[in-house]
Amino acid sequence: MADVPDMDSIDLRVVLSARGLRRDFGGFVAVNDVDLDVHHARIHALIGPNGAGKTTVFNLLTKFLEPTSGRIELLGHDITRMPPAAVARMGLARSFQISAIFPHLTVLDNVRVALQRPGGLSTQFWRPLSALDRLTPRADELLDAVGLTDVRNKLAVDLSYGRKRVLEIATTLALDPKVLLLDEPMAGMGHEDVGTISDLIRSVARGRAVLMVEHNLSVVADLSDWITVMQRGKVLATGDYPTVAADERVKVAYMGMEEG
Amino acid sequence: MAETTLRNGRARSSSRLEQGLVVLGILALLAAPFFVYPILLMKMLCFALFACAFNLLLGYTGLLSFGHATFFGGAAYFCAHAVKVWGWPPEAGILLGVVGAAGLGLVMGFFAIRRQGIYFAMITLALAQMFYFFCVQAPFTHGEDGIQGVPRGFLFSLLDLNQPLNIYYFVLAVFLAGVFAIWRIVNSPFGMILRSIRENENRAVSLGYSVANYKLAAFVMSAALSGLAGAVKAIVFQFATLTDVTWQMSGEVILMTLLGGIGTMVGPIVGAGLVVGLENALATSGFPVMIATGVIFMACVLLFRRGIVGEIQARWNARRESRSGNKAHG
Ligand SMILES: Nc1ncnc2c1ncn2[C@@H]1O[C@H](COP(=O)(O)OP(=O)(O)OP(=O)(O)O)[C@@H](O)[C@H]1O
Ligand SMILES: [Mg+2]
């Protein structure tokens, strides 16, 4: 739950919002008339049973999928028809449900690639790789924050599943996004990493909005300030944890899934 | 920490080994025309540069083009026409070939770049076939005859390219400059983004990279460098013909790259040398070259997918790993 509100978390602007979001796959409606408001300095959990449409909502918000209808606004700009890379450059960063890393780059290079775009360092084809050295301190800082320093020179492909996910989070944070979308960030992580990443998410959320899909309900209860529950493409309930937990329909949807 | 130093140490010694091999290779190429027929060497160098340029796209960006003959053969036509009909000096003709190939690359890339995998290959093939038919029809290419008797002329009005050694060292210089350019692009900040696109395109998009623009840039660079190889070949052989714009030529450069090793710097050079050498050896024997290259292709795909250089590298690395592993244990 949210602690005592500090200076930052008083600022609760809506930074990302969706209205009437819908996506059809053939005849199947995967996301149906979803309204969603994501606030600055808040951890917002998006939960729901398998196939509820959470990942599809992420793909729509980040423009990896075109909405069939509806409208999306990021920081006051209409991004409904924008290409995904442009949305990312506006400050919306995401991680993927299936770990997205650059397998045959080193751990360090994985993070540096994310740091490369500002300053035109990504288009310079005539300079040696040592031009990227000035990004190394920042990359090392991020690797240290997630506890990957010991494997920084390994190829990402050689990491364990859990550590690949940790690397993906470090890479996402390297973008210093205004809005952070995490799709099941803790799935497959060891107990120790779950703790580290929870703390990390809590600390980065002080200065930005976080929207997170998570199946582990104890993590959800522990971390999130606000929760939206989805089922069969629709929003079932939204509110803080006690409100949502008390909702009868949510109880039905989650029957047998409650972990505490 | 100890592991880091070990890795760095190993990386340094292996890069010193690489530097040594590069120097040896250059020395061998400098001495080669005294032992091997220069025209064969120059043919190898042109195709080696072509294959390296192709590998910039396949090996380092992950795009399989089936239309690279357009740039190689197109540049040969532009260069040959400029030198023979307009009387341009060779360096200007070659430059025109490079610029023309880059232009063709921009057009082909524009239409193909948003497609994935096999669709990308098919669109490049289709556009290359269109260019082939254009070359069959256009008057300046002289159809089946091609542009014959292109004068080699004087490089920068100084160096007589009709002298076998002069032209050999000129071709060698172009080859080395071209390969250096490719090496620089691959090992640059931009090259890092290309690699990340090859590794995981969606991830690159989610980091804010407009991947289509990066791919198009790589495509045009690859086309321009392929054009450099084709234009120089036109000067060396003093003609430009339809052979260089056929789909078989696009296939041949794929074969050379696969044979030598995708995504290695030296692989395409070795592959080109072998294929050209083999063709040369078979030319007098009457054995059909197509069958030989077909068999090689099958062997590549079935037996050593990493290619010759890729396979050697992998074995070498494995041996180093196991040896340093033993040391750590002992
Ligand atoms: N590209 C697609 N084509 C067709 N159907 C799709 C596509 N993507 C998702 N779906 C369907 O949409 C529904 C919602 O999928 P989605 O991945 O968004 O669920 P989710 O809530 O993320 O589930 P999980 O918790 O298992 O990750 C599923 O029934 C899925 O099969
Ligand atoms: Mg999902």
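In what follows, chains are A, B, ... by sequence order, proteins preceding strands, each numbered from 1. We use all heavy atoms of the structure for the numbers below, so side chains are in, but hydrogens, waters and symmetry mates are not.
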> Is a side-chain donor or acceptor of B/R203 paired with a backbone partner of A/E168 at a separation under 3.5 angstrom?
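Judged by distance alone, yes, a pair lies under 3.5 Å.
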
> Looking only at heavy atoms, which two atoms of B/R184 and A/P128 are closest? And how far apart?
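Closest approach of B/R184 to A/P128, heavy atoms only: NH1-CA, 3.4 Å.
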
> In Å and rounded to the nearest 0.5 Å, what is the OG to CG distance from B/S196 to A/D109?
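The OG atom of B/S196 sits 10.0 Å away from the CG atom of A/D109.
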
> Within a radius of less than 6.0 Å around CZ of B/F111, do more than 12 heavy atoms belonging to other residues, nucleotides or ligands occur?
no

> At a 4.5 Å cut-off on heavy atoms, which part of B/N213 comes close to chain A: side chain, backbone, both, or neither?
neither

> Taking B/N187 for its side chain and A/L129 for its backbone only, find out whether a donor-acceptor pair lies under 3.5 Å.
no

> Is A/T123 close to chain B through its backbone or its side chain, or both, or neither, when contacts mean heavy atoms under 4.5 Å?
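Both parts, backbone and side chain.
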
> Which answer fits A/P84, side chain, backbone, both or neither, if we ask what part of it has an atom under 4.5 Å from a heavy atom of chain B?
both

> Please check if the number of heavy atoms outside B/F110 that lie under 6.0 Å from its CZ is greater than 12.
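For B/F110, atom CZ is not crowded (no more than 12 foreign heavy atoms under 6.0 Å).
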
> Give the interface residues of residues 85-95 of chain A toward chain B, defined by a heavy-atom separation under 4.5 Å.
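Expected list: A/A85, A/A88, A/R89, A/R94, A/S95.
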
> What part of A/A131 gets closer than 4.5 Å to chain B, counting heavy atoms only: side chain, backbone, both or neither?
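When you check distances to chain B, only side chain atoms of A/A131 fall under 4.5 Å.
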
> Quick one: pull up CZ in A/F125 and CD1 in B/I182 and give me the separation to the nearest 0.5 Å.
13.0 Å

> Looking at side-chain heavy atoms only, is the closest gap between B/V205 and A/F64 below 4.5 Å?
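With C-beta onward as the side chain, the pair touches.
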
> Can you confirm whether more than 12 heavy atoms, excluding those of B/I118, are under 6.0 Å from its CD1 atom?
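No, the 6.0 Å shell around CD1 holds no more than 12 heavy atoms from other groups.
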
> Indicate yes or no for a side-chain donor-acceptor contact from A/R117 to the backbone of B/L207 under 3.5 Å, with no hydrogens or angles considered.
yes

> How long is the gap from CE on B/M192 to CG on A/L121, to the nearest 0.5 Å?
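So the CE of B/M192 and the CG of A/L121 are separated by 11.5 Å.
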
> Considering residues, nucleotides and ligands other than A/E66, do more than 12 of their heavy atoms fall under 6.0 Å from its CD?
yes

> Can you name the nearest heavy-atom pair linking B/Y209 to A/V113, along with the distance?
OH-O, 2.5 Å

> Report the option among A/K63, A/R112, A/Q124 that has the most heavy-atom pairs separated by less than 4.5 Å from atoms of chain B.
A/Q124

> Under a 4.5 Å heavy-atom cutoff, which of A/A100, A/P103, A/S122, A/A114 has the most pairs with chain B?
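The candidate making the most pairs under 4.5 Å is A/S122.
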
> If you count heavy atoms of other groups shown closer than 6.0 angstrom to CZ of A/R19, is the number above 12?
yes

> Taking atom CD1 of A/I98 as the centre, does the number of heavy atoms from other residues, nucleotides or ligands within less than 6.0 Å exceed 12?
no

